[in-house]
Trainee: 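Handing you this structure, nothing more for now.
Any value given below was found using the heavy atoms of this structure, including those in side chains, with hydrogens, waters and symmetry copies removed.
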Amino acid sequence: MIYRGTGEPHPGISALPKPPPWRDFDGAPLVEPGPGTDSASTRRLGAYRHMAALHRPSGEELEIINAALYLRRPLLVTGSPGTGKSTLAHAVAYELGLGRVLRWPIVSRSTLVDDGLYRYDAIARLQDTQIAASGRAAGTGPVSVPGGIGSYIRLGPLGTALLPTAGPRVLLVDELDKSDIDLPNDLLNVLEEGEFEIPELQRLAEREPEVDVLTDDGAKVTIRDGRVRCRAFPFVVLTSNGERDFPAPLLRRCIHLELGQPDHERLATVVRAHLGEELARVGDDLVLRFLERSRSELLATDQLLNAIYLTHHAAPPTRNRLADMLIQRLDRPR
């Protein structure tokens, strides 16, 4: 298996076989790989993650994750809040050395182009042009001429993930079920074809075939003829809390992984990774209470982490009260 779930970085991605013919892309020329792991992954995986390496995902989970890697298909991860859906993307990126995770948090107003692929700031470009023209007309001295159109285009997380890189980037599309009803359908063609066009650049392609734009990483890349096409299809993780159903065409293009409620071993590992061995030991009674309540209540793992962190210095009566205050069921209005 390429991804082993051990939490230890290794060069296994170099052994990834060639993609199936229908998922083989030929974007060129190659661009530089993205930056390395950032603080977002550290927060997700835990400052003490080296202590959590004893836990491994189940055999079935590993098989499904690796199937998405081998087939170059998006991974649709569903489950209750706090089961580790978003963390999975960071775990794969960290273990396989795939660099910074590109994150696209979905809200009801998210759109494919402006939020996912790229954003063109036409208003800023117009304002800069007007300011420069006014300065020249007034004769107030040298006025800087606005930069080219590339200065006003920035690739979004999905657009950056589809740049032609030698190895795959990791893209987290977080809480897709929060989206407008049209967004899952809008994603179909981009995820299937591994490419998209930037019409604002295509209109200038004959006169200006190469344009430098900013990426989601903050670096500059050259776009040719207004088209972006991947070489290595990114490892795309789509998460959902199950608040809505998705259209069949999207489901057909994804590998589905359902994460169940964590057991005692997994919860203890999560606590150890984020808070260290000592707090994992003294907070084990809260882990057991959390497990008992989660049989009949919807709870999230971050509630447990908050409770253990806040209560480890408190006396027993206050400790229990604080824990109950922080771990409140999510499936019933207060």
Side-chain angles (χ1 to χ4, degrees), residues 3-7 37-38 40-46 49 52 55-69 71 73-96 98 100-108 110 115-116 157-158 161 168-179 183-184 187 191 234-246 250-251 253-263 265-271 273-274 290-291 294 297-306 327 329-331:
Y3 175 66
R4 305 165 191 165
T6 62
T37 303
D38 62 3
S41 289
T42 301
R43 291 195 303 271
R44 285 285 187 177
L45 299 175
R49 57 183 175 272
H55 172 74
R56 291 173 58 91
S58 69
E60 181 178 357
E61 291 172 357
L62 284 175
E63 289 174 350
I64 293 173
I65 295 167
N66 279 279
L69 283 166
L71 294 173
R73 288 292 186 184
L75 182 68
L76 175 61
V77 187
T78 58
S80 301
T83 52
K85 301 184 296 297
S86 302
T87 302
L88 175 59
H90 293 272
V92 173
Y94 177 75
E95 181 175 317
L96 298 182
L98 301 181
R100 170 181 174 262
V101 174
L102 296 159
R103 182 171 178 264
W104 181 11
I106 301 298
V107 297
S108 60
S110 297
D115 300 297
L158 175 55
R169 295 293 302 269
V170 176
L171 170 66
L172 171 61
V173 184
D174 212 8
E175 298 191 338
L176 183 59
D177 51 334
K178 297 287 196 300
S179 72
L183 183 58
L187 284 168
L191 294 179
F235 180 66
V236 181
V237 178
L238 313 170
T239 73
S240 169
N241 292 325
E243 296 183 4
R244 60 176 288 190
D245 294 327
F246 295 118
L250 177 67
L251 297 177
R253 289 167 170 82
C254 296
I255 307 296
H256 183 207
L257 172 62
E258 173 76 22
L259 291 182
Q261 291 295 335
D263 56 15
E265 178 189 0
R266 179 168 294 192
L267 280 177
T269 300
V270 170
V271 174
H274 286 275
F290 180 90
L291 282 169
S294 64
E297 303 175 16
L298 179 61
L299 304 173
T301 308
D302 55 349
Q303 294 175 299
L304 175 64
L305 293 174
N306 289 335
I327 306 176
R329 63 187 305 169
L330 304 174
D331 52 350

Trainee: Kindly compute the distance separating CG (Leu176) from CH2 (Trp104), expressed to the nearest 0.5 Å.
Mentor: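 Leu176 CG to Trp104 CH2: 8.0 Å, rounded to 0.5 Å.
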Trainee: Whether the side chain of Glu95 engages the backbone of Arg4 through a donor-acceptor N/O pair (distance < 3.5 Å, no angle test) should be reported.
Mentor: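 Side chain of Glu95 to backbone of Arg4, a donor-acceptor pair under 3.5 Å: yes, one is there.
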Trainee: Tell me, please, which residues at least two apart from Pro262 pass side-chain contact (heavy atoms from CB on, under 4.5 Å).
Mentor: Thr83, Arg266, Leu267, Thr301
Trainee: Is there a donor-acceptor pair under 3.5 Å between the side chain of Lys85 and the backbone N or O of Leu238?
Mentor: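 Looks like no, no N/O pair under 3.5 Å.
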Trainee: Taking Asp177 for the side chain and Ser240 for the main chain, is one N or O donor matched with an acceptor at less than 3.5 Å?
Mentor: no
Trainee: Atom SG of Cys254 and atom CG of Leu71: how far apart are they, to the nearest 0.5 Å?
Mentor: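 With rounding to 0.5 Å, SG (Cys254) is 12.0 Å from CG (Leu71).
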Trainee: Show, in sequence, the C-alpha distance, side-chain angles and deciding distance for Leu75 and Arg73, and conclude whether the side chain to side chain contact (heavy atoms under 4.5 Å, CB included) test is met.
Mentor: CA-CA 6 Å; Leu75 182 68; Arg73 288 292 186 184; over 6 Å; no
Trainee: Side chain to side chain contact (heavy atoms under 4.5 Å, CB included) between Leu299 and Leu304: does it pass, once the steps are laid out?
Mentor: CA-CA 9 Å; Leu299 304 173; Leu304 175 64; over 6 Å; no
Trainee: Under 4.5 Å between any side-chain heavy atoms of Leu69 and Leu96, yes or no?
Mentor: yes
Trainee: Out of curiosity, Leu98 CG to Tyr3 OH, how far, rounded to the nearest 0.5 Å?
Mentor: 11.0 Å
Trainee: Are any of the side-chain heavy atoms of Gln303 and Leu330 separated by less than 4.5 Å?
Mentor: yes
Trainee: If you count heavy atoms of other groups shown closer than 6.0 angstrom to CD of Glu243, is the number above 12?
Mentor: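 Above 12, so yes.
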Trainee: Walk me through whether Glu258 and Thr78 qualify under side chain to side chain contact (heavy atoms under 4.5 Å, CB included).
Mentor: CA-CA 5 Å; Glu258 173 76 22; Thr78 58; 2.4 Å; yes
Trainee: Please check: side-chain N/O of Asp38 versus main-chain N/O of Ala40, any donor-acceptor pairing under 3.5 Å?
Mentor: yes
Trainee: Any idea which heavy atoms bring Leu171 and Ala161 closest together, and the distance?
Mentor: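 Scanning both residues completely, I find the closest heavy atoms to be CB-CB, 4.1 Å.
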Trainee: Using side-chain heavy atoms (C-beta onward) and a distance below 4.5 Å, is Leu76 in contact with His256?
Mentor: yes
Trainee: Partners of Arg253 by salt bridge (Lys or Arg N to Asp or Glu O under 4.0 Å), sequence neighbours excluded?
Mentor: Glu192
Trainee: Among Val237, Leu158, Val236, find the one that has a side chain to side chain contact (heavy atoms under 4.5 Å, CB included) with Val173.
Mentor: Val236
Trainee: For Thr87, what residues pass the side chain to side chain donor-acceptor pair (under 3.5 Å) criterion, not counting sequence neighbours?
Mentor: none
Trainee: Can you name the salt bridge (Lys or Arg N to Asp or Glu O under 4.0 Å) partners of Glu297, sequence neighbours left out?
Mentor: Arg293
Trainee: Looking at side-chain heavy atoms only, is the closest gap between Ser110 and Ser179 below 4.5 Å?
Mentor: no
Trainee: For Ala89 and Val101, work out which heavy atoms get closest and say how close.
Mentor: O-CG2, 4.0 Å
Trainee: How close do Asp115 and Pro157 get, counting heavy atoms only, and between which atoms?
Mentor: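 Closest pair (atom of Asp115, atom of Pro157, distance): O-CD, 3.5 Å.
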Trainee: Got a sec, which residues hit salt bridge (Lys or Arg N to Asp or Glu O under 4.0 Å) with Glu175, two or more places apart in sequence or on another chain?
Mentor: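 Counting only residues at least two positions away or on another chain, Glu175 forms a salt bridge (Lys or Arg N to Asp or Glu O under 4.0 Å) with Lys178.
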Trainee: Can you name the nearest heavy-atom pair linking Pro74 to Leu191, along with the distance?
Mentor: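 The answer is CG-CD1, 4.1 Å.
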Trainee: Taking only residues two or more places apart in sequence or in another chain, which ones pass side chain to side chain donor-acceptor pair (under 3.5 Å) with Asp174?
Mentor: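 Asp174 satisfies side chain to side chain donor-acceptor pair (under 3.5 Å) with Ser86, Arg103, Thr239 only.
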Trainee: Might you point out which heavy atoms bring Val170 and Ala93 nearest each other, and give the distance in Å?
Mentor: CG2-CB, 3.7 Å
Trainee: For the CG atom of Leu183 and the CD1 atom of Ile106, what is their distance to the nearest 0.5 Å?
Mentor: 5.5 Å
Trainee: Within the 4.5 Å heavy-atom criterion, are Pro184 and Phe246 side-chain neighbours or not?
Mentor: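 In short, these two side chains touch, coming nearer than 4.5 Å.
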Trainee: Locate the shortest heavy-atom distance separating Gly5 from Pro57; write the atom from each residue and the value.
Mentor: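 Nearest pair, atom of Gly5 first, then Pro57: O-CD, 3.3 Å.
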Trainee: What distance separates Arg44 CZ from Thr37 OG1, expressed to the nearest 0.5 Å?
Mentor: 14.5 Å
Trainee: Take Glu61 and Leu259 through the side chain to side chain contact (heavy atoms under 4.5 Å, CB included) test and state the conclusion after the steps.
Mentor: CA-CA 8 Å; Glu61 291 172 357; Leu259 291 182; 3.6 Å; yes
